[in-house]
Number of protein chains: 2
Amino acid sequence: MTRKDFPSLRLSDIAAAAGVGESTVSRVLRNSGSVSEETRARVRQVVAALGYVPNRIAGTLAAAGSRVVGIVVPSLTNIVFPDLLRGAAGQLDLMGYQAVIGVSDYDGAREAELVASMLAWRPAAVMITGLEHERATPDRLRSSGARVVEMLDVDGEGLDIVVGYSNRAAAEASARHLIGRGYRRIGYVGHEISRDTRAGKRLAGFEAELARHGLALVARELHAGPSSIGAGRDGLERLLARAPALDAVYFSNDDMAIGGYFHCVARGIAIPERLALFGFNGLDVARLAPQPLATILTPRVEIGREAARLALADEPAATVDLGFILIEGATA
Amino acid sequence: MTRKDFPSLRLSDIAAAAGVGESTVSRVLRNSGSVSEETRARVRQVVAALGYVPNRIAGTLAAAGSRVVGIVVPSLTNIVFPDLLRGAAGQLDLMGYQAVIGVSDYDGAREAELVASMLAWRPAAVMITGLEHERATPDRLRSSGARVVEMLDVDGEGLDIVVGYSNRAAAEASARHLIGRGYRRIGYVGHEISRDTRAGKRLAGFEAELARHGLALVARELHAGPSSIGAGRDGLERLLARAPALDAVYFSNDDMAIGGYFHCVARGIAIPERLALFGFNGLDVARLAPQPLATILTPRVEIGREAARLALADEPAATVDLGFILIEGATA
DNA sequence: ATGGGTGTTGGCAGCGCTGCCAATGCGTGC
DNA sequence: GCACGCATTGGCAGCGCTGCCAACACCCAT
């Protein structure tokens with residue numbers, strides 16, 4: 001079968017077949033204006049019989065306002081972002097909008113490009129993650145007329161709507177928890193904090209809280225790449241080789257922490273007696289491990305949902321902090 | 001700041017500012033046709049100075065062919081689908097296309113709706129998962145003129161392009177592996193196989209292979225909901241309560257299997273001596289566990305990438321089997 | 001009978017771009 | 001000197017729909 005010149009049906013075909021005007025068909029399809037029950041039924045029947053699918057490209061152009069929302073996430077490898085997407089897509093769907101996605105690989109330039117190409121679709125809103133963006137991005141967004149939602153971080157200035165939690169506060173809470181349990185020789189295993197700015201903020205918050213208690217990180221191990229279970233596993237191994245006397249380790253997130261946990265189990269390192277572990281995100285895998293990981297549960301799906309809702313609501317700019325929950329677990 | 005009537009720039013504004021015709025600006029923006037280097041530079045400069053973003057809605061309507069591809073996945077909870085999306089989105093991006101996504105929650109009716117609403121955007125292609133769809137879906141797709149790619153399963157008839165692996169063959173290989181290792185009292189822990197038809201095919205293939213060796217499943221436990229680590233953990237617990245003498249368990253996928261593994265570790269059940277475990281998908285978490293899970297590695301990212309490539313290539317319908325790799329691991 | 005609602009319907013401009021065609025200027029070959 | 005080809009450019013119809021306005025039929029109150 002060839003792929004060209006498809007004789008696609010148009011509104012006027014339906015109008016002709018139903019013996020009504022185009023406007024009437026349009027009204028029926030959009031459930032707007034008043035149309036008699038009889039006419040409505042007839043048009044519906046013709047639409048179904050011919051299998052007509054309205055062309056939303058044309059509709060959008062004419063109506064000057066698209067039912068599309070662009071979403072740019074830094075990664076799809078960490079389940080955090082699919083969770084966010086899930087919340088957003090579900091809510092958008094409910095409101096009759098469609099999600100267009102882009103993956104930036106934690107690259108600001110890539111994000112800028114993706115935002116630009118999404119704006120070409122004149123989306124009703126653009127949803128991005130974090131508050132730090134390349135120079136051009138805010139300007140482009142502002143002059144587009146689209147609502148903008150920044151997700152997952154409330155530590156800083158937003159462009160329009162911000163929905164997330166405080167990475168700083170979460171890290172501080174983590175530090176206080178470890179200190180409260182008596183841990184003093186604390187290390188850190190993380191990934192590229194220059195690209196993942198939220199992880200960077202957590203590290204900064206964690207260190208600041210340690211400092212307030214007269215402590216400092218004993219050692220740190222940074223993986224040059226995105227977070228992963230493997231990176232956490234290897235990272236902890238290297239960290240312990242350099243600083244064997246640690247009594248606790250703070251990880252940049254749960255992926256890393258689960259890797260660390262696996263390393264300890266494999267090596268027979270007693271948790272939490274010999275070494276305590278603390279993560280971030282509250283992933284299923286962390287919460288259901290034989291020893292539930294001490295971590296911070298973030299309301300990712302809710303953030304996506306609320307972000308989508310606010311993006312399409314006609315409300316003023318605002319910052320919404322959805323908070324987090326510290327899960328004590330059994331590893332710290 | 002109000003959100004209405006944004007004085008968006010149009011092609012004609014750029015043309016006027018640059019002192020050229022609209023066609024020339026259009027040619028510059030699309031790198032098509034011949035334009036003198038001098039004019040090209042001038043137009044580019046004006047576009048940059050004014051921050052003009054072409055309206056792709058209008059462009060698409062005029063050119064009758066959109067640079068959009070619709071992707072419908074059943075879930076985002078299982079990392080398998082984000083992986084698929086990642087492969088697809090990356091490749092689409094490379095080819096200058098945009099991905100519009102929908103999540104069907106393993107519901108055929110929902111899938112049908114999502115497909116319909118995507119077709120309203122006149123996508124160049126639609127990518128969906130599996131070969132089983134609601135009655136209306138294939139008809140709609142066929143009459144849309146869009147290329148169709150069905151992913152993750154090659155066991156059956158496809159509509160157009162099919163990219164995946166054989167769930168049946170993978171399950172048979174799993175069964176042979178367990179049998180070859182001497183396991184005979186085999187159980188199954190799975191999730192709703194009526195909705196996740198690929199998991200259903202694996203179960204059928206597994207049982208068929210057992211039968212060929214004169215064996216049958218000793219017991220099975222089905223969770224009434226999507227797969228998850230928690231479901232696998234609880235499922236194995238219930239299964240063992242009913243059938244304590246099992247020597248191996250086949251899981252519907254790695255999420256379930258990891259849950260089972262966690263259950264065994266928590267309960268001190270020796271793996272694989274007392275009980276062998278076998279999963280499906282080859283997730284990171286399974287491969288990096290203290291005892292790597294015996295599982296089947298599926299090329300999900302590659303499937304997404306290849307599916308996107310073929311969807312936009314001008315080639316005839318075809319089925320591409322990207323195979324799978326059996327990972328022996330340490331749990332079976 | 002008249003005027004003015006009310007519900008229903010059709011006509012048509014125009015959304016911002018692209019594709020096609022015509023117009024122009026200029027160099028070449030005979 | 002003339003016809004022709006080529007590179008470059010501009011004009012404009014039209015993609016399929018929506019929004020606006022006018023038209024019409026009917027009903028009710030006056």
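Per chain, numbering begins at 1; letters A, B, ... match sequence-line order.
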Legend entry - Side-chain N,O (B:Y52) to OP1/OP2 (C:dC17) below 4.0 Å: yes
Inset, instruction - Just compare C:dT18, D:dT9, D:dG19 and give me whichever is closest to any side-chain atom of B:A62. - result: C:dT18
Legend entry - Heavy-atom closest pair, residues B:R140 and B:L119: O-CD1, 3.6 Å
Legend entry - Presence of B:S26 side-chain N/O under 4.0 Å of C:dC17 phosphate oxygens OP1/OP2: no
Legend entry - Distance in angstrom units between B:L11 CG and D:dC12 C1', rounded: 13 Å
Inset, instruction - Provide, to the nearest angstrom, the distance between the CG atom belonging to A:L29 and the P atom belonging to D:dC17. - result: 9 Å
Legend entry - Residue whose nearest DNA chain C nucleotide is more 5′ - A:E22 or A:R42: A:R42
Inset, instruction - With the side chain of A:S23 defined as its heavy atoms from C-beta on, choose the nearest nucleotide among D:dA7, D:dG19, D:dC17. - result: D:dG19
Inset, instruction - Looking only at non-hydrogen atoms, find the nearest pair between A:R195 and A:D105 and report the distance. - result: NH2-O, 3.0 Å
Inset, instruction - Send over the distance from B:R10 CZ to C:dG16 P, rounded to a whole Å. - result: 5 Å
Inset, instruction - Ignoring backbone atoms, establish whether A:T39 has a side-chain N or O less than 4.0 Å from OP1 or OP2 of C:dT9. - result: yes
Inset, instruction - Figure out the CZ/C1' separation between A:R40 and C:dT8, and round it to whole Å. - result: 11 Å
Inset, instruction - Heavy atoms only: give me the nearest B:S66-B:P123 pair and the separation to one decimal. - result: OG-CA, 3.7 Å
Inset, instruction - Quick one: label A:T60 by what it contacts on the DNA or RNA (base, sugar-phosphate, nothing), any heavy atom closer than 4.0 Å. - result: nothing
Legend entry - Pairwise 5' ranking along DNA chain C for B:S32 and B:L61, keeping only the more 5' one: B:L61
Inset, instruction - Would you indicate what A:R30 reaches in the nucleic acid, counting non-hydrogen atoms under 4.0 angstrom: base, sugar-phosphate, or nothing? - result: sugar-phosphate
Inset, instruction - Take the protein atom CG of B:L9 and the nucleotide atom C1' of C:dG16, then report the distance between them rounded to whole Å. - result: 12 Å
Inset, instruction - Measure from the side chain of B:R27, starting at C-beta and using heavy atoms only, and say which of D:dC20, C:dG16, D:dT9 lies closest. - result: D:dT9
Inset, instruction - Kindly give the heavy-atom pair with the smallest separation between B:A125 and B:L312, and that separation in Å. - result: CB-CD2, 4.5 Å
Legend entry - Nucleotide D:dA7, atom P - distance to CD of B:E38 in whole Å: 18 Å
Inset, instruction - Give one of base, sugar-phosphate or nothing for A:S36, where a contact means two heavy atoms less than 4.0 Å apart. - result: sugar-phosphate
Legend entry - salt bridge (Lys or Arg N to Asp or Glu O under 4.0 Å) partner of B:K201, chosen from B:D155, B:D196, B:D153: B:D153
Inset, instruction - Calculate the interatomic distance between A:R122 atom CZ and D:dT18 atom P; express it in whole Å. - result: 19 Å
Inset, instruction - Could you state the atom-to-atom distance from CD1 of B:I57 to P of C:dC17 in whole Å? - result: 11 Å
